[in-house]
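In what follows, residues are counted from 1 in the order of the sequence shown.
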Amino acid sequence: MLISLLERLGPGVLTRSCPLELVDRVVSEAGRAEKRRRLLSAGFTVYFVLAMWLFPQADYLEVLRLVKTGGPGLRPWTGVNKSSLTRARQRLGWTVMRELFRAVARPLGTADELFRGLRVLALDGMLLAVPPRRRP
């Protein structure tokens, strides 16, 4: 069901949260920009990894198909297999994803929504009805 939702929405869901300019900047600052043109570019691999986090139940090739759908101007791919995707992820490295997270993640809410200076994540509203204590 979630996979069909991404198919309808297309990869725009990922590019709205993480714009291409931001991804390119983070990739280049991490020193992971390509020295030669590759079929699986570092920027595309970032979106591939993000889609893998969204759909952990899907295999590599299914996630690749989902990310590629709706991409204008993308040429047909041949020879892309699981090992190519693994190598692309290894070339990208984990530092790119960490820096992308740091660039995108922001706390929700405002300072007015703090309780005694702390962000409230959950409230326990449990009530217990107990009988009154009898005195001997």
Side-chain angles (χ1 to χ4, degrees):
M1 181 172 128
L2 288 174
I3 292 176
S4 64
L5 177 64
L6 185 62
E7 285 179 311
R8 286 196 309 268
L9 297 174
V13 169
L14 298 173
T15 57
R16 265 179 288 190
S17 318
C18 302
L20 186 58
E21 298 80 25
L22 173 64
V23 170
D24 288 342
R25 180 177 57 82
V26 170
V27 166
S28 110
E29 287 175 0
R32 299 298 182 172
E34 293 87 16
K35 294 175 179 64
R36 61 186 177 115
R37 190 170 176 181
R38 294 181 179 271
L39 187 60
L40 295 172
S41 68
F44 183 85
T45 305
V46 167
Y47 291 116
F48 173 73
V49 172
L50 290 172
M52 282 181 29
W53 288 338
L54 287 175
F55 302 102
Q57 74 278 9
D59 69 358
Y60 271 22
L61 298 177
E62 179 68 10
V63 173
L64 176 67
R65 185 187 67 76
L66 292 170
V67 173
K68 190 174 178 327
T69 57
L74 292 176
R75 62 181 187 241
W77 289 6
T78 56
V80 175
N81 54 32
K82 291 180 181 182
S83 63
S84 300
L85 294 166
T86 300
R87 285 191 303 274
R89 289 182 60 206
Q90 288 171 344
R91 279 192 310 270
L92 185 66
W94 59 270
T95 56
V96 172
M97 302 311 292
R98 179 189 66 193
E99 294 308 317
L100 182 64
F101 175 79
R102 288 180 176 170
V104 173
R106 299 283 178 260
L108 298 175
T110 62
D112 301 346
E113 297 166 348
L114 299 178
F115 176 73
R116 296 186 181 181
L118 301 173
R119 184 162 313 281
V120 177
L121 299 177
L123 292 175
D124 183 3
M126 186 174 123
L127 296 174
L128 292 175
V130 294
R133 184 176 165 196
R134 292 188 180 167
R135 296 188 184 226

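Scanning for side-chain contact (heavy atoms from CB on, under 4.5 Å) contacts around Gln90 gives Thr86, Arg87, with sequence neighbours left out. Taking the side-chain contact (heavy atoms from CB on, under 4.5 Å) definition, one finds that Arg89 meets it with Thr45, Phe48, Val49, Met52, Tyr60, sequence neighbours left out. For Leu20, the side-chain contact (heavy atoms from CB on, under 4.5 Å) partners two or more places apart in sequence, or in a different chain, are Asp24, Tyr47. Glu29 is linked by a side-chain hydrogen bond (donor to acceptor under 3.5 Å, both in side chains) to Arg25, counting only residues two or more places apart in sequence or in another chain.
Results of the side chain to side chain contact (heavy atoms under 4.5 Å, CB included) test with Leu50 over Val63, Leu100, Val23 single out Leu100 as the only residue that passes.
Taking each heavy atom of Ser28 and Ala33 in turn, the nearest pair found is CA-CB, 4.4 Å. Shortest non-hydrogen contact noted between Val27 and Ala42 is CG1-CB, 3.6 Å.
For the atom pair CG (Leu40) and CG (Leu92), the distance works out to 11.0 Å, reported to the nearest 0.5 Å.
Applying the salt bridge (Lys or Arg N to Asp or Glu O under 4.0 Å) rule to pairs touching residues 90-101 yields Glu99-Arg102, sequence neighbours excluded.
Linking ILVMFWY residues whenever their side-chain heavy atoms come closer than 4.5 Å, directly or via other members, places Val46 and Val104 in the same cluster. Clustering ILVMFWY residues whenever any of their side-chain heavy atoms sit less than 4.5 angstrom apart, transitively, puts Val96 in the very cluster that holds Trp53.
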